[in-house]
Amino acid sequence: MKYIFNVTIALASAIILVGCSTSQQVSHKSSTTVTTARDSYEAYILTYYPIAVEQMHRHRIPASITLAQGLLESGAGKSELTKKSNNHFGIKAHNNWNGRTTSTMDNGRMCKFRVYDSARDSYEDHSQFLLKPRYADLFRLSSTDYKGWARGLKKAGYAEDPAYPQKLISLIERYRLYEYDGYSKKDVSPILSGGKDGGFSGRRPIYISNGLYYVVGNTGDTFKSLAKEFGVSRRKLIKYNDLYKDYDIKAGDIIYLEKKRNKATKDYRFHTTAQGESLYSISQKYGIRLKSLFKMNPEYESYTTLKVGDVVVLRK
């Protein structure tokens, strides 16, 4: 992708660039609007967590840290630098960078930033940035010690903002990003196969239940069309949702993009049924595998629908 810049801006960049620090390689425009940007933040996580997990297994950087930094530095993918240059971590272009660059204002100064062909290239370059000797102490920490990593990044000079560690920790805990630190390669391989940047189209709202992503079916949806849209195989979608291959998706159906869990979150131990509910509809509502729900509630296994007021166990 080629970028054409106004001649006046280009000349100004050449003049002002000398004022851009050469010791600080990363731009830190930390977002303070996390509580009002939940949908866009969750959409970002859904799109890029497969790449973060991939990087974790390749370079031993916790996926939670990578995602939190990406969210923070890119404004959940909405910054102009990210949208125009695929630069998710605000990494600047200095003399050791041989790739394309773009110029933009950073803290009142015009600076050069790296331009990437894809988000995955940006994530890989971010990993390489953290593999420098100055960050070596971080790799002595546990891969699940996201708090230690957040504080260690600040200590090693990654960010000047004194609140930077707490901002990362808050994002990780608010969006349960620490769960991705336990993901295996197999957990993301079907998703990564959908495209170089993860395979998610972003054309429809994405929701979360039990820490899992799902979409709501529209008229005309099929397993084949959803498989193409989200980069998850048709067979996997059928299996994830405890359905059969000839099932016709209906408008309003909950369709999970990931394998459901064996139990609900700690916030939900029981469910009191309403009119027309079944164990299957409850399994979809809470993101629980149907066979696990049957195992916890053997007395209802033969029921097509439940009676109003029945109590269903969601976790033991």
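Remember, it's a predicted structure, so these values are computed and weren't measured experimentally. One-based numbering along the sequence shown.
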Would you say the ring centers of Tyr256 and Tyr214 fall short of 6.0 Å from each other?
yes

Can you tell me if Ser64 and Asp181 form a side-chain donor-acceptor pair at under 3.5 Å?
yes

Just wondering, more than 12 heavy atoms not from Lys250 lying within 6.0 Å of its NZ?
yes

Short question: side chain of Asn241, backbone of Leu243 - any donor-acceptor pair under 3.5 Å?
no

Is it true that a side-chain atom of Thr101 and a backbone atom of Lys112 form a donor plus acceptor pair closer than 3.5 Å?
no

Write down the atom of Ser74, the atom of Gly70, and the distance for their closest heavy-atom approach.
OG-O, 2.6 Å

Are His271 and Glu277 linked by a side-chain donor-acceptor pair shorter than 3.5 Å?
yes

State yes or no: do Phe294 and Leu306 share one hydrophobic cluster built from I, L, V, M, F, W and Y residues joined by side-chain heavy-atom distances below 4.5 Å, directly or via other members?
yes

Would you please say whether a donor-acceptor pair under 3.5 Å links the side chains of Tyr123 and His88?
no

Do you know which two heavy atoms are closest between Asn210 and Gly287, and how far apart they sit?
ND2-O, 3.2 Å

Ser85 to Thr102 - nearest heavy-atom pair and separation:
OG-CG2, 3.4 Å

Roughly how far, to the nearest 0.5 Å, is the CZ atom of Phe89 from the CD atom of Glu73?
8.5 Å

Using the rule that Ile, Leu, Val, Met, Phe, Trp and Tyr join whenever any side-chain heavy atoms are under 4.5 Å apart, tell me whether Ile288 and Phe270 fall into a single cluster.
yes

Parallel, tilted or perpendicular: ring planes of Tyr48 versus Tyr44, cut at 30 and 60 degrees
tilted

Taking Tyr247 as the starting point, is it possible to reach Leu237 by hopping between hydrophobic residues whose side chains are less than 4.5 Å apart?
yes

Yes or no on side chain to side chain donor-acceptor pair (under 3.5 Å) for Ser225 and Glu229, after CA distance, side-chain angles and deciding distance?
CA-CA 6 Å; Ser225 68; Glu229 182 174 353; 5.8 Å; no

Beyond-backbone contact of Phe129 with Ile91, side-chain heavy atoms, under 4.5 angstrom
yes

I'd like to know if the side chain of Arg269 and the backbone of Leu314 have a donor-acceptor N/O pair within less than 3.5 Å.
no

Aromatic ring centroids of Phe139 and Trp149 under 6.0 Å?
yes

Closer than 3.5 angstrom, by distance alone: can the side chain of Asp310 be matched with the main-chain N or O of Lys307 as a donor-acceptor pair?
yes

Using a 3.5 Å distance criterion without hydrogens, assess whether the side chain of Thr82 forms a donor-acceptor pair with backbone atoms of Lys78.
no

Could you tell me whether a side-chain N or O of Asp253 sits under 3.5 Å from a main-chain N or O of Ile249, the two making a donor and an acceptor?
no

A quick test of your reading: do over 12 heavy atoms of other residues, nucleotides or ligands sit less than 6.0 Å from CZ of Arg235?
no

Looking at Asn87 and Gly90, would you say the former's side chain and the latter's main chain have a donor-acceptor pair under 3.5 Å?
yes

Measuring from atom OG1 of Thr66 to atom CG of Leu130, what distance do you get when rounded to the nearest 0.5 angstrom?
7.0 Å

Do other residues, nucleotides or ligands put more than 12 heavy atoms under 6.0 Å from Glu299 CD?
yes

Are the side chain of Arg234 and the backbone N or O of Lys245 linked by a donor-acceptor pair below 3.5 Å?
yes

Are Ile282 and Val308 joined in one hydrophobic group, where the rule is that I, L, V, M, F, W and Y side chains link up if heavy atoms are under 4.5 Å apart?
no

Compute whether any side-chain donor of one residue and acceptor of the other, for Tyr183 and Glu54, lie under 3.5 angstrom apart.
no

Using modelled atom types and a 3.5 Å cut-off, is there a donor and acceptor pairing between side-chain atoms of Arg315 and backbone atoms of Ala264?
yes

Quick check on side-chain hydrogen bond (donor to acceptor under 3.5 Å, both in side chains): which of Arg174, Lys167, Gln166 does Ser170 satisfy it with?
Gln166

If we ignore angles and hydrogens, is there a donor and acceptor under 3.5 Å between the side chains of Gln55 and Ser127?
yes

What is the ring orientation for Tyr49 with Tyr180, classed by angle as parallel under 30°, tilted 30 to 60°, or perpendicular over 60°?
parallel

Residue Lys147 excluded, over 12 heavy atoms near NZ under 6.0 Å:
no

For the rings on Tyr116 and Trp97, is their centre-to-centre separation under 6.0 Å?
yes

